[in-house]
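What follows is a single structure, written as structure tokens, with notes after it.
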Amino acid sequence: MKEEVLSDIINVENLVYKKTPLMTDNILSYCPGCGHGTAHRITMEVLEELGVWKDTIGIAPVGCSVLAYEFMNVDMQQAAHGRAPALATGIKRCWPHKVVFTYQGDGDLAAIGTAETIHACNRGENIVIIFVNNGIYGMTGGQMAPTTLPGMKSSTSPYGRDVHIMGNPLKITELVAELPGVRSVTRQAVHTPGNVRKAKRAIRKAFENQLKYKEGLNFVEIVSNCNSGWKMTPVHSNKWMEENMFPYFPLGDIKVDGEIVNK
Amino acid sequence: MGELKLMKGNEAIAEAAIRAGVDAYFGYPITPQSEVIEYLMAEKPYETTGMVVLQAESEVAAINMVYGAAGTGKKAMTSSSSPGISLKQEGISYMAGAELPCVIVNVVRGGPGLGTIQPSQADYFQAVKGGGHGDYHMIVLAPASVQEMADFVTKGFDLAFKYRTPVMILSDGLIGQMMEKVIMPEHTPRWTDEEIIEKWPWATTGKPGSRERNIITSLDLDSGRQEQHNIHLQKKYKEIHENEIEFEEFMCDDADYLFVAYGSSARIAQKAIKLGREKGIKAGLLRPITLYPFPAEAIHRLAKQVKGILSLELSAGQMVEDIRLSVGCDIKVEHFGRMGGIIHSPAEALQALEDKIIGG
Ligand SMILES: Cc1ncc(C[n+]2csc(CCOP(=O)(O)OP(=O)(O)O)c2C)c(N)n1
């Protein structure tokens with residue numbers, strides 16, 4: 001391509017996409033192929049589009065996304081493992097007009113933080129929870145998570161998860177959907193452009209709900225991959241996720257405006 | 001002049017919190033301190049001052065709610081008793097690391113384990129040595145009356161915000177449950193959101209375009225920077241030592257013997273001293289008001305004057321170790337204390353002084 005032609009194309013009128021200023025320029029600490037980066041980006045895009053970033057306080061968990069505050073350009077607090085919903089409760093109760101969200105992995109939200117998750121949901125804390133379920137403990141090197149599938153190998157289930165010994169994967173999302181304090185529950189993915197668009201719409205809806213209604217928790221699960229922890233290539237991990245994770249954790253809305261829509 | 005009331009220590013904490021303009025209380029019931037949250041729920045300060053009161057699902061959740069609120073510059077507090085305070089240790093360590101101000105009340109009961117619901121002072125080590133993981137300290141205040149329960153709420157928050165550190169009010173089941181006269185402070189209004197944003201530029205109140213984002217965290221994976229952070233914390237503790245030591249002396253001027261005691265044991269020691277003086281035994285009392293920072297120099301000074309020191313604590317002897325580190329000369333330092341929720345009488349305390357220090 002000739003140089004003149006290129007510079008003709010690269011101009012402001014032809015701009016169709018730009019990085020949101022709500023993502024910092026820090027280099028993401030995630031493995032190539034991991035879904036966390038995309039989940040971060042669409043969350044920040046939503047806050048930018050809604051124009052609420054100046055009034056937003058986010059909470060990073062313990063897990064791979066412990067450093068979310070390095071990447072998300074809003075005021076952030078870093079919580080102890082599993083305690084993000086308690087921090088969010090403390091913040092939102094004191095600043096009811098602020099936008100508050102947590103961003104948590106499955107170990108954080110569905111194992112060590114189960115009590116905090118269930119009770120924040122049950123009290124109907126007016127926050128958004130973004131729950132990235134990759135079926136494994138990514139940060140600590142691939143141990144079994146509460147959402148590790150039956151038969152799935154991890155460093156602490158090296159022969160596959162034996163449900164008779166290790167229990168069944170916890171469908172915490174279906175569980176919290178049952179609670180009256182929860183306004184909306186949805187399960188999404190971010191591994192294809194189509195899914196990214198849908199997930200972003202779902203996150204947007206969750207934040208819109210928080211802004212519109214003064215009560216009720218809005219819960220977005222993102223089923224994601226962990227190619228490093230699953231010991232697969234990024235491409236293979238996404239295929240494996242579609243074939244194995246989605247049947248167990250089906251995508252779609254589970255609760256809308258306080259009504260269960262899909263069981 | 002404030003209002004004169006007759007109250008339990010636990011109620012005084014709650015009433016003082018409302019009057020001190022505290023923004024939020026998060027707690028979980030446990031004997032012998034449940035009156036704190038019961039009083040707050042009955043008073044409904046959320047309808048008057050706007051103070052948030054919430055019963056959490058656990059002490060773990062409660063301290064982390066405090067963390068969240070404190071991270072936004074609000075005056076947040078919690079209270080519990082020994083087993084519950086153990087559960088809060090992770091959160092306290094995080095708050096020390098993230099340099100967040102808060103007040104934590106421990107109305108101590110006997111342990112270990114579920115122990116008993118009766119008064120004890122056996123959580124001294126946990127309170128003054130750190131309690132949770134990592135190199136940190138809290139400022140620890142030891143009230144010896146219902147009045148001080150009330151006064152130390154305001155004092156606690158002043159210190160917490162001055163140094164950006166958790167402050168513990170280390171009380172016990174006796175001070176928490178007993179009723180006394182107390183003069184309640186006047187109402188101080190809660191800080192407005194605008195005041196908070198101006199006063200505490202570190203608080204996560206939402207990032208305006210005019211500043212960088214604020215981050216509340218105790219994490220730094222870079223060891224060099226983490227060491228610098230630790231050095232910074234240690235400097236802060238040194239400053240606290242230089243500025244904040246508080247203690248009270250009782251009949252020390254002519255004393256041949258010294259009791260060192262805090263909280264309820266200090267009250268008992270005072271009576272023991274009076275009994276002793278009737279028999280011609282000249283004892284005095286040094287009462288630490290701050291347990292961390294510890295009044296080591298005052299003890300060092302008095303150790304040169306007296307013939308021996310008895311540490312009186314409702315425990316197997318914990319503060320006595322810090323007294324021994326403070327005396328710096330060759331005098332007798334012993335401990336006496338009942339355990340498991342039994343409270344020593346003044347006569348027992350005096351007998352212990354006679355047996356272990358004077359006669360021993
Ligand atoms: C109290 C406590 N226990 C254990 C750990 C160690 N730890 C750090 S991250 C983690 C698991 C995180 O897994 P998950 O929440 O699924 O997030 P991911 O890393 O997969 O994104 C564990 C067990 C810790 N930091 N704190």
Side-chain angles (χ1 to χ4, degrees), chain A residues 21-24 26 29 44 47 52-62 66-100 102 112-123 125 127 139, chain B residues 22-26 46 50-76 78 89-95 97-98 100 102 132 190 193 196-197 202-221:
Chain A
L22 294 195
M23 285 296 284
T24 65
N26 293 335
S29 48
M44 290 300 107
L47 294 175
V52 295
W53 52 275
K54 285 183 183 167
D55 287 307
T56 299
I57 299 140
I59 298 149
V62 171
V66 65
L67 290 172
Y69 58 78
E70 292 286 348
F71 315 124
M72 297 180 172
N73 197 9
V74 293
D75 274 4
M76 297 281 291
Q77 295 193 17
Q78 198 284 310
H81 199 15
R83 317 301 173 214
L87 267 67
T89 300
I91 298 168
K92 186 73 182 189
R93 293 280 176 144
C94 286
W95 299 82
H97 53 289
K98 298 281 175 185
V99 175
V100 179
T102 72
I112 194 165
T114 310
E116 284 78 6
T117 303
I118 301 257
H119 285 279
C121 287
N122 193 49
R123 286 190 303 265
E125 297 298 339
I127 59 169
M139 178 175 222
Chain B
V22 172
D23 295 299
Y25 170 93
F26 303 101
Y46 38 88
M51 177 184 180
V52 171
V53 187
L54 188 65
Q55 179 168 334
E57 62 270 31
S58 69
E59 290 85 351
V60 177
I63 190 71
N64 283 287
M65 289 172 186
V66 169
Y67 180 117
T72 64
K74 297 273 180 177
K75 284 187 192 168
T78 184
Q89 293 303 329
E90 179 199 41
I92 298 172
S93 167
Y94 270 66
M95 291 188 82
L100 292 181
C102 73
R190 289 170 48 236
D193 292 354
I196 288 174
I197 290 165
W202 46 263
T204 51
T205 51
K207 173 196 176 312
S210 53
R211 66 155 165 82
E212 291 293 299
R213 69 192 187 288
N214 280 340
I215 297 167
I216 301 292
T217 184
S218 57
L219 177 76
D220 200 327
L221 291 167

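Predicted model only: the values in this text are computed from it and were never measured. So you know, we letter chains A, B, ... as the sequences are listed, proteins then strands, and number each from 1.
Contacts between B:Leu54 and chain A at a heavy-atom distance below 4.5 Å involve the side chain alone, from C-beta outward. Contact annotation for A:Ile57: only side-chain heavy atoms (C-beta onward) come within less than 4.5 Å of a heavy atom of chain B. With a threshold of 4.5 angstrom between heavy atoms, B:Thr205 approaches chain A through its backbone and through its side chain. Looking at B:Leu100, there are no atoms closer than 4.5 Å to chain A (heavy atoms on both sides), in backbone or side chain. Contact annotation for B:Ala203: only backbone heavy atoms (N, CA, C, O) come within less than 4.5 Å of a heavy atom of chain A. Neither the backbone nor the side chain of B:Ala76 comes within contact range of chain A; no heavy atoms are under 4.5 Å apart. In this structure, no portion of A:Val100 lies under 4.5 Å from any heavy atom of chain B. Only the side chain of A:Leu67 comes within contact range of chain B, with at least one heavy atom under 4.5 Å from a heavy atom of that chain.
Minimum heavy-atom separation, A:Leu87 to B:Asn64: CD1-O, 3.3 Å.
Checked by atom type and distance alone, the side chain of B:Glu57 never pairs as donor or acceptor with a backbone atom of A:His119 at under 3.5 Å. Counting only distance, with no hydrogens or angles, the side chain of B:Tyr67 and the backbone of A:Gln78 share a donor-acceptor pair below 3.5 Å. Distance alone, capped at 3.5 Å, is enough to place a donor-acceptor pair between the A:Asp75 side chain and the B:Asn214 backbone.
Contact check for A:Thr24 versus B:Arg213: side-chain heavy atoms found under the 4.5 Å cut-off.
The distance from the CE atom of B:Met65 to the CD atom of A:Glu116 is 8.0 Å, given to the nearest 0.5 Å. In this structure, CZ on A:Arg83 lies 12.0 Å from CD1 on B:Ile63, to the nearest 0.5 angstrom.
Among the candidates B:Asp23, B:Leu221, B:Leu219, the residue making the largest number of heavy-atom pairs closer than 4.5 Å to chain A is B:Leu219. Of the residues considered (A:Asp55, A:Asn73, A:Thr89), A:Asn73 shows the highest number of contacts with chain B, using heavy-atom pairs under 4.5 Å. Heavy-atom pairs under 4.5 Å with chain A were tallied for B:Glu90, B:Lys207, B:Glu212; the largest tally goes to B:Lys207. Options B:Gly71, B:Pro208, B:Ser58 differ in how many heavy-atom pairs under 4.5 Å they form with chain A, and the most are formed by B:Gly71. Looking only at heavy-atom pairs under 4.5 Å with chain B, the residue among A:Gly113, A:Ala79, A:Gly58, A:Ala80 that has the most is A:Ala80.
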Problem - CA sep, side-chain torsions, deciding dist, call: B:Thr72, A:Gln77, side-chain contact (heavy atoms from CB on, under 4.5 Å) - result: CA-CA 9 Å; B:Thr72 64; A:Gln77 295 193 17; 3.8 Å; yes
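By a heavy-atom distance cut of under 4.5 Å, A:Arg93, A:Cys94, A:Trp95, A:His97, A:Lys98 are the residues of residues 92-99 of chain A near chain B, going up by number.
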